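Basis for what follows: all heavy atoms, side chains included, without hydrogens, waters or symmetry-related copies. In this text, all values refer to a predicted model and were calculated from it rather than measured experimentally.
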Amino acid sequence: MKTIKGPAIFLAQFTADTAPFNSLDAIAGWAAGLGYKGVQLPSWDSRIFDLKKAAESKTYCDEVKGTLAAHGLEITELSTHLQGQLVAVHPAYDAGFDGFAAPEVRNDPVKRQQWAVQQLHDAAQASAHLGLTAHATFSGALAWPYLYSWPPRPAGLIEEAFDELARRWKPILDRFDEAGVDVCYEIHPGEDLHDGVSYEMFLERVGNHPRACLLYDPSHFVLQQLDYLAYIDHYHERIKIFHVKDAEFNPTGKQGVYGGFQSWIDRAGRFRSLGDGQVDFGAIFSKMAAYDFPGWAVLEWECCIKHPEDGAREGAEFIKRHIIRVAERAFDDFAAGGVDGAANRAMLGIGSGSGSGI
């Protein structure tokens, strides 16, 4: 078995224009000071990482790794959550998602989508230059406005949406395959890949592509009321990235999973800092260890109550406490009798030359 690596932290929620969050060296020093061993880098934030430069220059990537190594840190993965979202956008969300794109392609859905695809290609090359084996992203969504079947969905609508989603992603998956990197979709409400069944619909359409993998984040399953432990049993072979994020779900007589259009703090389901929610991380870390999860335990901090710096500080210790150093030998080895093959056969009454007698 493998011991999960960590703790690590996703930096997307922490970068800012003020020190120590406004440069890679400064934020690395901050993270290392809290006890983190790895960082997951948002590829869209030029204050700490230049994706285009990383795709073009291995020297630049070596410099990035060197900056982090000086603080005792490694890169766990790159993230293209924002760009991946733009691979597939339903027109209803054009205005809302346009700000994710570069200014020069905004207000033009075709050019925006082309830009997003190129960003993913750059991320594949940059990941290869950095020596990474997994990449975090979103799938985007064409079918999401039709999640609830009222008015009744026309026959074939969802199938057409997933056919198109697969058509757009298959060349990207092939590009990542050439780079030797897994594409790990964060299964997330708002994405067409939002649970196990929708992931399987996509996976079938991309021919069970070996690079179409998963980012596991139990918080999104708490909010959907999906069995997040059984999910690991179903998909552990595809889970290559792990976001450690907490959540709680407290339904009332007035609202449930849809949240009643309320702000985060007033929803029945809401994200919390580690240890403040309802996720059974003891069980999750046990399952991940038993299934030989090969990657990092990465804090993604999102909480509607607690200050992010407190969440980050507490999160490092929380993850450290939950990582299981796996056993190198069986607990009952002390009682092993050292019996050989011949003795085993004798114990079973099937010694040399014996027959069944039937």
Polar side-chain atom of [X] near backbone of [Y] as donor-acceptor pair, under 3.5 Å:
X    : Y    : value
Y231 : F221 : no
D246 : G275 : yes
Y36  : L299 : no
R270 : I265 : yes
R153 : Y146 : yes
R313 : L34  : no
S57  : A54  : no

Are [X] and [Y] linked by a side-chain donor-acceptor pair shorter than 3.5 Å?
X    : Y    : value
D266 : Q255 : no
S139 : D192 : no
H220 : E186 : yes
S43  : T80  : no

Is the gap between the ring centers of [X] and [Y] under 6.0 Å?
X    : Y    : answer
W30  : F14  : yes
Y199 : Y185 : no
H209 : W169 : no
F318 : F281 : yes

Minimum heavy-atom distance [X]-[Y], with the two atoms named:
X    : Y    : result
Y93  : P145 : CE1-CG, 3.7 Å
A166 : V206 : CB-CG1, 3.7 Å
K245 : S219 : CE-OG, 2.7 Å
K2   : P294 : CD-CA, 4.1 Å
A268 : G256 : CB-O, 3.6 Å

Parallel, tilted or perpendicular, as decided by the 30° and 60° cut-offs, for the rings of W144 and H194:
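Perpendicular, since the angle between the ring planes exceeds 60°.
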Under 30°, 30 to 60°, or over 60°: which ring-plane class applies to H81 and F138, parallel, tilted or perpendicular?
perpendicular
Please name the residue in the list F242, F293, Y291 that meets the ring pair (Phe, Tyr, Trp, His ring centres under 6.0 Å) test with F285.
F242
Are R267 and W264 in a cation-pi setup, meaning NZ or CZ lies under 6.0 angstrom from the ring centre and within 45 degrees of the ring axis?
yes
Flag the pair L223 / F271 as yes when at least one side-chain heavy-atom distance between them is below 4.5 Å, and no otherwise.
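Yes, close enough: below the 4.5 Å cut-off.
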Would you find more than 12 non-hydrogen atoms of other residues, nucleotides or ligands less than 6.0 Å from [X] atom [atom1]?
X    : atom1 : result
E204 : CD    : no
E237 : CD    : no
K287 : NZ    : yes

side-chain contact (heavy atoms from CB on, under 4.5 Å) between I323 and K5, intermediate numbers included
CA-CA 8 Å; I323 289 177; K5 293 177 283 189; over 6 Å; no
Do R211 and D177 meet the salt-bridge criterion of a basic N to acidic O distance under 4.0 Å?
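R211 and D177: salt-bridged.
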